[in-house]
Amino acid sequence: MTDNRFDPSSADGRWQRAWNDAGTFTADSNSEKPKSYILEMFPYPSGRIHMGHVRNYAMGDVLARYKKMRGHEVLHPMGWDAFGMPAENAAMEKKVHPGAWTRSNIEGMKAQLKRIGFALDWTREFATCDPEYYGHEQSLFIDMYAAGLVYRKSSEVNWDPVDMTVLANEQVIDGKGWRSGAEVEKRKLDQWFLKITDFAEDLLSGLGELKDWPEKVRVMQENWIGKSSGLEFSFDLSNGEKLSVYTTRPDTIFGASFCAIAADHPIAQAVAASNSEAVAFIEECKRGGTTAAELETAEKLGFDTGITARHPFTGEAMPVFIANFVLMEYGTGAVMGVPGHDQRDFEFATKYKQRIARVVASDVSQAGAPMGDEAEGGDGVIVNSDFLDGMSVEDAKADVIKRAETGGWGEGTTVWRLRDWGISRQRYWGTPIPFIHCDTCGVVPVPKDQLPVTLPDDVDFETPGNPLERHATWKHVDCPECGGKAQRETDTLDTFTNSSWYFLRFASQPADKPFDAEEIAKWLPVQHYIGGVEHAILHLLYARFWTRALAHIGKLDVKEPFAALFTQGMVTHETYSLGDGSWLSPDEVRKDGQDWVTIENGVPVEAGRVVKMSKSKKNVVDPDNIIDEYGADAVRWFMLSDSPPERDLPWSVSGIEGCARFVQRLWRLFNSYDANAAGEDKALARKAHQAIVAVADDIEALGFNKAVARIYELTGAAEKAAPSESKNFAIRAVLHLVSPMMPHLAEEAYAKLGHDTLIADAAWPEHDPAMLVEDEVTIAIQHMGKLRDTITAPKGAAKDDLEALALASEKVQRSIDGADIRKVIVVPDRLVNIVT
RNA sequence: GCGGGUGUGGCGGAAUGGUAGACGCCGGGGACUUAAAAUCCCCUGAUCUUUGAUCGUGCGGGUUCGAGUCCCGCCACCCGCACCA
């Protein structure tokens, strides 16, 4: 260690050990201090920490360290979302056990995280594949079962033929498996479900209170829950049956000219039983693609069943079609067609020559106005609708619902897009569902004293499918109730279950139960939850649901687990390709003048778009290599600089070099500290006090890029100043302000200044409010709103004085050029604007 | 189509309706050095007739003494959702 250079390779590890040995970041639940729970979404142990993790955790780390400096007891834990398919895929490809693969990844990634110096409480670390953790999860699942929140039903599932597993609706993207990309098939299986729909209303209304969540995420969840209200009612059919339909526009009922049912609607199936043309049509419907582009262009197709439906008011007989645009899964799987006021119905009616009537108009006088070439969805008054004529859309909706309910042929209902959460997975590497199937007793929960139901180790992945299913002995057990021969459930829980309550286990981890409600109450809700926006719907909705469900069954007194959510942007990097579709990694190319060439043989390379770092594009930069070269603090600083945290951050070599230079620049500044210096430098002292306040405000608002800029400014000012007491104060301020971001450098300098305590334990510097105000200000002088001059005036100068000073300016007089002054606007301490 | 977001120098980006471009990167010039690295200093939105002026925050209007910021109407790009009745 020399005075002129800070050496991260020696200092980083030394301070990391010091924090570890002192237990600096171990959270004390019994502390009297105000508590802060700072959490970043825990990683899946895929193998390596990537830059996205580093950025995510650097943000949380600054918050955690800052809160600690502000006198809070901080809980900032870390663990591993360790169940999941990649481990099984690795098992198949590399012939390693999923557990061994996962454990070794955890070990490596933990070492990587430690090298970055995060202020984490490692005493609370766990992996979701620990039997202790998933055993408690099984216990909670059994509790939910007892409370009626878990049920089984035979249902058609999305079957991924490659991964050999069931997928949740959310895991099916454009009809393909989210991981394998394989075309998803439909299969009927007995499945386990969680009743998330019981909480639909609550999950929706709760969003309104999440003021510190991004608007975007709340809207996405709102759309996902998809509440709509309308009328469900039945048509009498010509074959004697009834057809139930759902509509959000009962006010347009007089505009109905046909009915349409889904291809897999029971009535459609019945028609198909005796009609081969109907069979062919239904087949065709099922073949249709489900991608956005296909749906956009897909023609509305229908098949006339020959059945008619009787209009409840007019008695008109309306044809019933099987139609390709009606979904069995939503509403009743059948709709009334109102072509005048629904675009899909309009297209359908145009093709199949159905009546297109106007029943809503801008004004009663427009009742006879012809329809245009598309449906009219707008508001207006009801026309051509008998007793509804002249009513507003809203009034007519209410009136029709009332008449239906009075007449007993329908009722006002709420329909949700949200479905119950199918949690069965035909997979090995997950939490075993703790139930036993007995021929005599049915489905029986595993007694709690027999938990955890652990995964067997001796499994093979040579054949596709679920290893638990074909294990020789694992599933064969005695029934806990009758003692007869029975079989274990071989499905495991969806991995999203594991991440639905891990934040509770971090806060409280007793051995004998999942968590302690009183301990939870000390920490929850999480004050800052930080992670990627890709979890906006699934993980965050499921976690909100679990928290509510556990509160509902009396395990908790918390409803919303995450008070504030922050979704950070991605780390991006330029891409390099040879132009033939193959990608090159950043360390295979170099810059040759303005162009890029390969290092190996100088072949020209195309520099492509700046996109998220990904293995497939090979534009990945490994944090370990960067830390080796520049040290942890430079990487942390880069992750926080420049881009606002919610936006993407483009990685660049010159950027990290700049950060590393700044580390050394700070080191030189800290070394210029002269304990014997005397005298005041009021301007510098003022800047330091202002920075103390501004950086704190910026960090609290998660404006890390702005905090960084202010630290640069204060650093620059301190560097230029001559030695003085004020300069020393400014240096100490910079040291403290930068310590959450560059903790290693800060500790090293803090020790060098003679402290034998850790700066991590130090308090945020105090500021003097009197020092925040300047005593001189620069006043802008404008003529007609255009800047003409600036003057320096004492802070708080009188308006008249400022006006006089402004008019005395030669530049201003030249600009006015003798014109009549009509008005002078004076904004104290800001500007003077002369209007002529 | 619906919903949300974003548009400011060569780049990332600052700016309670009040001096647009803070801060960083890149680039240019200089100092130190035998030389290099490191470091330090200066310049760096555009244009012009350059001690100064004009233009300039996606485009077109408006409100205002004053608009990147507020209002109206557009455009482009990004993200999410989607035959959801």
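Just so it is clear: chains get the letters A, B, ... in the order the sequence lines come, proteins before strands, and each one is counted from 1. Side chains are part of it too, since the values below use all heavy atoms of this structure and drop only hydrogens, waters and symmetry mates.
Shown here are the ring-ring contact (aromatic ring centres under 6.0 Å, His included) partners of A:Phe346, two or more places apart in sequence or in another chain: there are none.
For RNA chain B, the neighbouring residues in residues 703-720 of chain A, judged by any heavy atom under 4.0 Å, are A:Asn705, A:Lys706, A:Ala709, A:Tyr712, A:Glu713.
Side chain of A:His689 to main chain of A:Val773: no donor-acceptor pair is present (N/O by atom type, distance under 3.5 Å, no hydrogens or angles). Of the possible polar contacts, none joining the A:Thr197 side chain to the A:Ala200 backbone as a donor-acceptor pair under 3.5 Å is found. Remark: the backbone N or O of A:Ala808 is not paired with any side-chain donor or acceptor of A:Gln813 at under 3.5 angstrom.
Rounded to whole Å, atom P of B:C23 lies 16 Å from atom CZ of A:Arg661. To the nearest angstrom, P of B:C83 lies 15 Å from CG of A:Asp345. In this structure, A:Asp342 places its CG atom 9 Å from C1' of B:C83, rounding to the nearest Å.
The line from CD of A:Gln782 to CZ of A:Arg788 is 9.5 Å long, rounded to the nearest 0.5 Å. Note: A:Thr413 OG1 to A:Tyr246 OH = 5.0 Å, rounded to the nearest 0.5 Å.
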5' to 3', nucleotides 47-55 of chain B under a 4.0 Å protein heavy-atom cut-off (B base, S sugar-phosphate only, - none) gives -------SS
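Residue contacts shown for A:Ser652 are absent, as no nucleic acid heavy atom lies under 4.0 Å away. Contacts of A:Val245 with the nucleic acid, taken as non-hydrogen atoms under 4.0 Å apart, are absent. Residue contacts shown for A:Val827 include a base, since a base heavy atom lies under 4.0 Å away.
Between A:Lys795 and A:Glu774, none of the side-chain N atoms (NZ, or NE/NH1/NH2) sits under 4.0 Å from a carboxylate O, so this pair counts as no salt bridge.
The nucleotide whose nearest atom lies closest to any side-chain atom of A:Ile825 is, among B:A82, B:U19, B:C65, B:C65. Ranking B:A82, B:G3, B:A20 by closeness to the A:Trp224 side chain, first place goes to B:A82. The listed nucleotides are B:A85, B:G4, B:C26; the one nearest the side chain of A:Ser654 is B:C26. Comparing B:G80, B:U39, B:C84 against the side chain of A:Met220 picks out B:G80 as the nearest. You'll find that the side chain of A:Ala780 is closest to B:U19, out of B:G3, B:A82, B:U19.
A cation-pi contact, defined as under 6.0 Å to the ring centre and within 45° of the axis, is absent between A:Arg5 and A:Trp667.
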Scan nucleotides 8-12 of chain B against the protein and return all N/O pairs shorter than 3.5 Å with their distances rounded to 0.1 Å.
residue	atom	partner	partner atom	Å
B:G12	O2'	A:Ser643	OG	2.7
B:G12	N2	A:Asp642	OD1	3.0

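With a 4.5 Å cut-off on side-chain heavy atoms, A:Leu666 and A:Leu745 count as touching. Contact of the A:Leu237 side chain with the A:Lys242 side chain is not registered, since no non-hydrogen atoms from C-beta on lie closer than 4.5 Å.
Residues in residues 216-227 of chain A take part in these salt bridge (Lys or Arg N to Asp or Glu O under 4.0 Å) pairs, two or more places apart or across chains: A:Glu201-A:Lys227, A:Glu215-A:Arg218.
Contact annotation: A:Arg830 does not reach the phosphate of B:G17 (side-chain N/O to OP1 or OP2, under 4.0 Å). Not one side-chain nitrogen or oxygen of A:Lys216 sits closer than 4.0 Å to the OP1 or OP2 atom of B:G5.
RNA chain B forms stems at B:1-7 with B:75-81, B:10-12 with B:23-25, B:27-31 with B:39-43, B:45-48 with B:52-55, B:58-62 with B:70-74, each a run of 3 or more consecutive Watson-Crick or G-U wobble pairs whose two key distances fall under 3.5 Å.
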